[in-house]
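I have placed the structure first, in the form of structure tokens, so that the comments after it can refer back to it.
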Amino acid sequence: MRTRAVVRQAVADDAEAVAAVRRVVAPYKVMSPAATRHMLTVQSPGERFLPLVAERDGEVVAWASAGLNVWTSDPGQAHLSIFVHPEQRKQGIGSELAERLHQHLTEVGAIRVRTFVQPEGLEFARNLGYDGTRQMHFSGVELTSLPEPPETPEGIELVAFDTVDAHAAYTADAIASLDEPSDSPLDSVDYDRWLEEIWNGPAMDKSLSVAAMAGDEMASFTVVETHSDRMWSGMTGTIPGYRGRGLAKLVKSVALRRAATAGITAAYTSNDDENGPMLAVNNWLGYRRVQTEMGLLRTL
Ligand SMILES: CC(C)(COP(=O)(O)OP(=O)(O)OC[C@H]1O[C@@H](n2cnc3c(N)ncnc32)[C@H](O)[C@@H]1OP(=O)(O)O)[C@@H](O)C(=O)NCCC(=O)NCCS
């Protein structure tokens, strides 16, 4: 008889195993073990982040987490995610993880919880009271035949992130993020938290991330995160006064070319179905859809 899976809080040393489960369940969500360790260990205290794993015979078979969204001024907004290894499903592991996380979120004052599910997880989530119609498209491109980058407009200089001032990058990120489609506005990004979680985190590859500078101001940027020969686009943004001039196409196509030169073979990204401009940029770059997840909400 199989032993029962045991749920416990995840610790830093689970990073490799958690990254492995994530890779099996959602290979398009590129995240290195170092970035996974950072996610497990570095959070804002206000997030009340709870990371869990389910272990069977000493092996991690599922990963789940939940916490409060500290990047929004909307109070009580929470996130929850559950990844159960495909061979370990239909045994109550997901339900136990969900129960633990919902209990935790209730204790820390969450009002509304957001989750993303793959099509096969939809029924599970609906049975837990989640509902909604938001769609998040994940897409990928092989870095072999990229389009020619558009011309760099007059007054714009392309630079790598390792030469830019952190505060200029923070300002562009915070301003552009305000317009990213979501259920809660990304309108409360604290600079020190941003430095710790994003700028100084191990995920961002500053030598491959590209900014379009207009003097000291960052007009447009794209963040590259890598794991072995694959990359993830952390964020692409253009501040409102510079939109519609091809800058996102420029920074992202240059970044993908530089990544290809550095030995990266495939790039992945995610876009909300309502994000017409970013979908247009990615279609032009040759990205093809690999998965659509449903974004669902539940009140507690
Ligand atoms: C998405 C974003 C980065 C685009 O920046 P940009 O510099 O204006 O982009 P570009 O000028 O290079 O290209 C924009 C493309 O979108 C198209 N576009 C603009 N508005 C559109 C809309 N409502 N629907 C569909 N396509 C649209 C443009 O026509 C252009 O494509 P084309 O050159 O093939 O015609 C910018 O709008 C932004 O910062 N948004 C908020 C942050 C965000 O959502 N980032 C992406 C997170 S995944």
Side-chain angles (χ1 to χ4, degrees), residues 26 28-31 69 71-72 79 114 116 134-141 146-159 161 164 168-189 194 197-199 203-205 208-215 217-225 230-259 267-295:
Y28 46 87
K29 290 183 182 171
V30 180
M31 190 189 268
N69 179 355
W71 305 104
T72 184
H79 56 84
R114 157 92 103 96
F116 285 97
R134 192 171 276 288
Q135 288 181 46
M136 187 65 89
H137 303 300
F138 291 81
S139 53
V141 62
L146 293 164
E148 209 44 56
E151 257 186 57
T152 305
E154 183 114 4
I156 294 288
E157 192 193 353
L158 289 189
V159 294
F161 259 36
V164 302
Y170 161 78
T171 304
D173 190 11
I175 294 173
S177 295
L178 289 172
D179 296 326
E180 197 177 346
S182 90
D183 301 305
S184 306
L186 265 168
D187 60 355
S188 186
V189 182
W194 178 89
E197 284 183 36
I198 297 177
W199 189 256
M204 182 190 284
D205 185 326
L208 295 178
S209 301
V210 174
M213 301 298 294
E217 187 171 45
M218 191 175 287
S220 185
F221 67 95
T222 191
V223 171
V224 173
E225 303 176 3
R230 305 187 320 148
M231 64 162 273
W232 174 259
S233 288
M235 172 69 179
T236 301
T238 300
I239 60 172
Y242 288 92
R243 289 190 186 150
R245 300 192 203 172
L247 288 181
K249 285 184 168 180
L250 177 64
V251 289
K252 201 160 174 184
S253 59
V254 168
L256 293 185
R257 279 167 176 259
R258 289 184 185 170
Y268 293 86
T269 194
S270 67
N271 304 109
D272 192 286
D273 184 62
E274 286 172 17
N275 201 338
M278 200 63 224
L279 286 163
V281 170
N282 288 332
N283 287 339
W284 173 78
L285 285 161
Y287 280 85
R288 294 288 167 263
R289 225 163 259 185
V290 294
Q291 179 68 282
T292 293
E293 295 190 357
M294 300 294 296

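Read the numbers this way: they start at 1 and go in the same order the structure lists the ligands and their atoms. Reckoned from all heavy atoms, side chains included, excluding hydrogens, waters and symmetry mates.
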So for ligand 1, is [X] a polar contact partner (N or O within less than 3.5 Å, distance only)?
X: Gly237; answer: no
X: Pro181; answer: no
X: Ser220; answer: no
X: Ser177; answer: no
X: Lys249; answer: yes

[atom] [closest protein heavy-atom partner, distance rounded to 0.1 Å]:
atom: atom 14 (C) of ligand 1; value: Val281 CG2, 3.8 Å
atom: atom 42 (C) of ligand 1; value: Ala176 O, 3.3 Å
atom: atom 45 (N) of ligand 1; value: Thr236 O, 2.8 Å
atom: atom 23 (N) of ligand 1; value: Pro277 CD, 4.1 Å
atom: atom 24 (N) of ligand 1; value: Gly276 CA, 3.6 Å
atom: atom 44 (O) of ligand 1; value: Asn275 ND2, 2.8 Å
atom: atom 11 (O) of ligand 1; value: Gly246 N, 2.8 Å

Six-ring centre of Trp284, Lys249 cation under 6.0 angstrom, axis tolerance 45°: yes

With heavy-atom distances below 4.5 Å as the criterion, would you say the side chains of [X] and [Y] are in contact?
X: Asp273; Y: His137; value: yes
X: Arg134; Y: Asp272; value: yes
X: Asn275; Y: Pro277; value: yes
X: Trp71; Y: Glu197; value: yes
X: Leu285; Y: Ser253; value: yes
X: Arg258; Y: Val224; value: no
X: Glu293; Y: Gln135; value: no
X: Thr269; Y: Lys252; value: yes

Option whose closest heavy atom lies nearest to [atom], chosen from [options]:
atom: atom 40 (N) of ligand 1; options: His137, Arg243, Met136; answer: Arg243
atom: atom 9 (O) of ligand 1; options: Ala219, Gly234, Ala248, Ala212; answer: Ala248
atom: atom 6 (P) of ligand 1; options: Asp179, Thr238, Ile175; answer: Thr238

Is it the side chain, the backbone, both or neither of [X] that has a heavy atom closer than 4.0 Å to ligand 1?
X: Leu279; answer: neither
X: Met235; answer: side chain
X: Ser233; answer: neither
X: Ala280; answer: side chain

Under 4.0 Å and counting heavy atoms only, is there anything from the protein next to [atom]?
atom: atom 3 (C) of ligand 1; answer: yes
atom: atom 28 (C) of ligand 1; answer: no
atom: atom 35 (O) of ligand 1; answer: no

List ligand 1 atoms under 4.0 Å from [X], heavy atoms only on the residue side.
X: Asn271; result: 48 (S)
X: Arg245; result: 11 (O)
X: Ser270; result: 48 (S)
X: Gly244; result: 6 (P), 8 (O), 11 (O)

Proximity of Tyr268 and Trp232 rings by center, below 6.0 Å: no

Centroid-centroid distance, Tyr28 to Phe138, less than 6.0 Å: yes

Parallel, tilted or perpendicular, as decided by the 30° and 60° cut-offs, for the rings of Trp199 and Phe161: tilted

Candidate pair Thr236 and Thr222, rule side chain to side chain donor-acceptor pair (under 3.5 Å), full reasoning: CA-CA 4 Å; Thr236 301; Thr222 191; 2.8 Å; yes

Nearest atoms (heavy-atom pairs only) where Asn283 meets Arg288: O-NH1, 4.4 Å

Test salt bridge (Lys or Arg N to Asp or Glu O under 4.0 Å) applied to Glu225 - qualifying residues, sequence neighbours left out: none

